[in-house]
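Note sheet for the following structure.
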Amino acid sequence: MELKTKFQYTYFIHSYKIKENKYNKYIQKLLKNPKCTLKIFEKHKDIGIYNYFTPKIRDYMFSTFNFTKTKMRKLEELPIETKSAILSKEPCIMFEYDIEKDIQGKAETPRGIFFKIRKIEIICFNAGICFVILKTDIENSENFSDVLNFNYKFNKLNSEEALVDYDKIRIQTDRFEGALTFNRFIEELTGSNLIELRNIDTQKYLTFAYTCIDQSYWRNALDFEKIKSDYIRYVKILPNDNSVAYNGFGMTKVIDKWNYAKLGMTKEGVTLFASSIDLNNYTVLPQEYENQYLYTYILISYMKVNLKLIKTEFKQRTNIKSTRRKFLQFTKDLWIQEITNDDIGTIYYQDLKEVLELDSMYLKVKNQYDLFYKELNVEKNVKTNIIITTVLVMSLILNILSYIAMIKG
């Protein structure tokens, strides 16, 4: 029996790195773009985010909470160059991209999957690491199989398969004619001339998905066992006809603290699967998920990319002192901080770190840091010893010369 959905959306996340010393210029580019608007967080309208994150993380990722109306007015009055210089010093800023109307699209399958892009945001950290996030949902279909196939195909959009016209996703507007055109739009949006090409997992879009299925398919534990294979495919972002799902979860973490909702995490994405038997699952939970949980995922993804870049810089052994400062700042600002006091949120954060292997990655970078710290101390001690030896020798020579002069005198 075909599994039916009650409510569904999927965010796709693309990460990229701005070239060294070009971050301010990139912020200028976004500010000059008439379609981009600085996203301002306010306590009264973003109370969920405000209460969820700890003050340290809130100040780091949502610094616009602290922008008063007076500050915003003065900021708007400044020239773009001055405005970008100020904003580029903030740890993180976000922009909303005006798409005028929902962008329609079609994923090529035997019967076609029609979808809309509802929202586009650009999230920028002042380390030069940025993310474009796109919110999509499927149109004119309640089939869960379409959700599986769509997530799988869009997840591959930026991969080599798409570049050779395999499983295209076509955008149904005059501007976006196909997968390649859409990728060119992303390049235009991100500013490809300012992007530094490094291996930071840019070959795939990360997937962040929510699906609430009709309650007739999941009313109790026995019902869930009947649809478990569908759920595993959903978590692992596999197509409907993929039999690998029957091998189980593999390298996956699942949070099932709710009676009728399960949150799954893999290296490629995060998924929340729920039943409409609980009213909360298609009213409150979807909003919490695409705010508190989404931004937690962005923050974790940023931490992963940042650690990778620091690790690469240590290996290259170029400007070690600067790399050491970056690592210390990362540790102080994020690594040792609590993200949230929310119970499930804390489990979610720790599970994400485990799935993405952040602890082991951090330890490797710290070992590199410790090694270079010791080397610098050794070099420092050697230089100090050379200076001391030189001073002693010079002193000895002067004493000898003084002694000889005294004898002659």
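The basis for the numbers below is simple: all heavy atoms, side chains too, and nothing from hydrogens, waters or symmetry mates.
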Is there side-chain contact between [X] and [Y], with at least one heavy-atom pair below 4.5 Å?
X: N306; Y: L334; answer: no
X: K6; Y: Q215; answer: no
X: T340; Y: T346; answer: yes
X: D359; Y: K353; answer: yes
X: N259; Y: D278; answer: no
X: L238; Y: L148; answer: no
X: L358; Y: K304; answer: yes
X: S15; Y: L206; answer: no

Tell me whether [X] contacts the main-chain N or O of [Y] through its side chain, where contact means a donor paired with an acceptor under 3.5 Å.
X: R233; Y: N242; value: yes
X: Y217; Y: E2; value: yes
X: N240; Y: N149; value: no
X: T10; Y: T136; value: no
X: E96; Y: I120; value: no
X: N33; Y: K35; value: yes
X: E288; Y: G48; value: no
X: Y260; Y: R219; value: yes

Near [X] [atom1], under 6.0 Å, is it more than 12 heavy atoms from other residues, nucleotides or ligands?
X: K135; atom1: NZ; result: yes
X: K43; atom1: NZ; result: no
X: K71; atom1: NZ; result: yes
X: K364; atom1: NZ; result: no
X: E81; atom1: CD; result: yes
X: K311; atom1: NZ; result: no
X: Q287; atom1: CD; result: no

May I ask you to check if K262 and F224 form a cation-pi contact, with NZ or CZ under 6.0 angstrom from the six-membered ring centre and within 45° of the axis?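 Checked: cation-pi criterion met.
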For a quick test of reading the model, state the closest non-hydrogen atom pair linking [X] to [Y] and the distance between them.
X: K32; Y: I80; value: CG-CD1, 3.6 Å
X: T5; Y: S141; value: OG1-O, 4.4 Å
X: Y282; Y: S276; value: CE2-O, 3.4 Å
X: Y52; Y: G345; value: OH-CA, 3.1 Å
X: I57; Y: D333; value: CD1-O, 4.4 Å
X: T54; Y: E338; value: OG1-O, 2.7 Å

Quick one: ring pair (Phe, Tyr, Trp, His ring centres under 6.0 Å) partners of [X], sequence neighbours excluded?
X: Y60; result: none
X: F273; result: F144, W218, Y231, Y234
X: F62; result: F41, F53, Y295

With distance as the sole criterion, is a donor-acceptor pair present between the side chains of [X] and [Y] under 3.5 Å?
X: Y11; Y: K119; value: yes
X: S145; Y: N143; value: no
X: S63; Y: E90; value: yes

Would F125 and M61 count as a side chain to side chain contact (heavy atoms under 4.5 Å, CB included) here? Give the steps. CA-CA 8 Å; F125 293 87; M61 195 170 182; 4.1 Å; yes
Using a strict 4.0 Å threshold on nitrogen-to-oxygen distance, state whether E76 and K83 make a salt bridge.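 Here E76 pairs with K83 in a salt bridge, since their nearest N and O are under 4.0 Å apart.
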At what distance, to the nearest 0.5 angstrom, does [atom1] of [X] lie from [atom2] of [Y]?
X: I298; Y: I123; atom1: CD1; atom2: CD1; result: 4.5 Å
X: I133; Y: S301; atom1: CD1; atom2: OG; result: 11.0 Å
X: Y349; Y: I300; atom1: OH; atom2: CD1; result: 5.0 Å
X: S88; Y: Y26; atom1: OG; atom2: OH; result: 13.5 Å
X: N280; Y: L285; atom1: CG; atom2: CG; result: 5.5 Å
X: Q292; Y: I344; atom1: CD; atom2: CD1; result: 12.0 Å

Aromatic centroids of Y302 and F131 separated by under 6.0 Å: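 No, too far apart.
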So, for F150 and F12, is the gap between ring centers shorter than 6.0 Å?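 Yes: the rings meet the under 6.0 Å criterion.
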Would you call the rings of Y9 and Y289 parallel, tilted or perpendicular, where under 30° means parallel and over 60° means perpendicular?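 Aromatic pair Y9/Y289 classed tilted.
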Could you check whether the rings of F327 and F330 sit parallel, tilted or perpendicular, using 30° and 60° as the cut-offs?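 Parallel, since the angle between the ring planes stays under 30°.
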Please evaluate residues T331 and I336 with respect to the criterion side chain to side chain contact (heavy atoms under 4.5 Å, CB included), reporting the C-alpha separation (whole Å), side-chain torsions for both, the decisive distance (0.1 Å), and the verdict. CA-CA 6 Å; T331 300; I336 63 174; 3.9 Å; yes
Could you walk me through whether I310 and T323 pass the side chain to side chain contact (heavy atoms under 4.5 Å, CB included) test, one step at a time? CA-CA 6 Å; I310 292 173; T323 307; 3.9 Å; yes
Does L30 form a side chain to side chain contact (heavy atoms under 4.5 Å, CB included) with I93? I'd like the steps, not just the answer. CA-CA 11 Å; L30 295 178; I93 55 174; over 6 Å; no
May I have the step-by-step check of ring-ring contact (aromatic ring centres under 6.0 Å, His included) for Y348 and Y297, ending in yes or no? CA-CA 9 Å; Y348 172 57; Y297 186 46; 7.6 Å; no
Can you spot which of L356, I255, T271 makes a side chain to side chain contact (heavy atoms under 4.5 Å, CB included) with M265?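 When side chain to side chain contact (heavy atoms under 4.5 Å, CB included) is applied between M265 and each of L356, I255, T271, only I255 qualifies.
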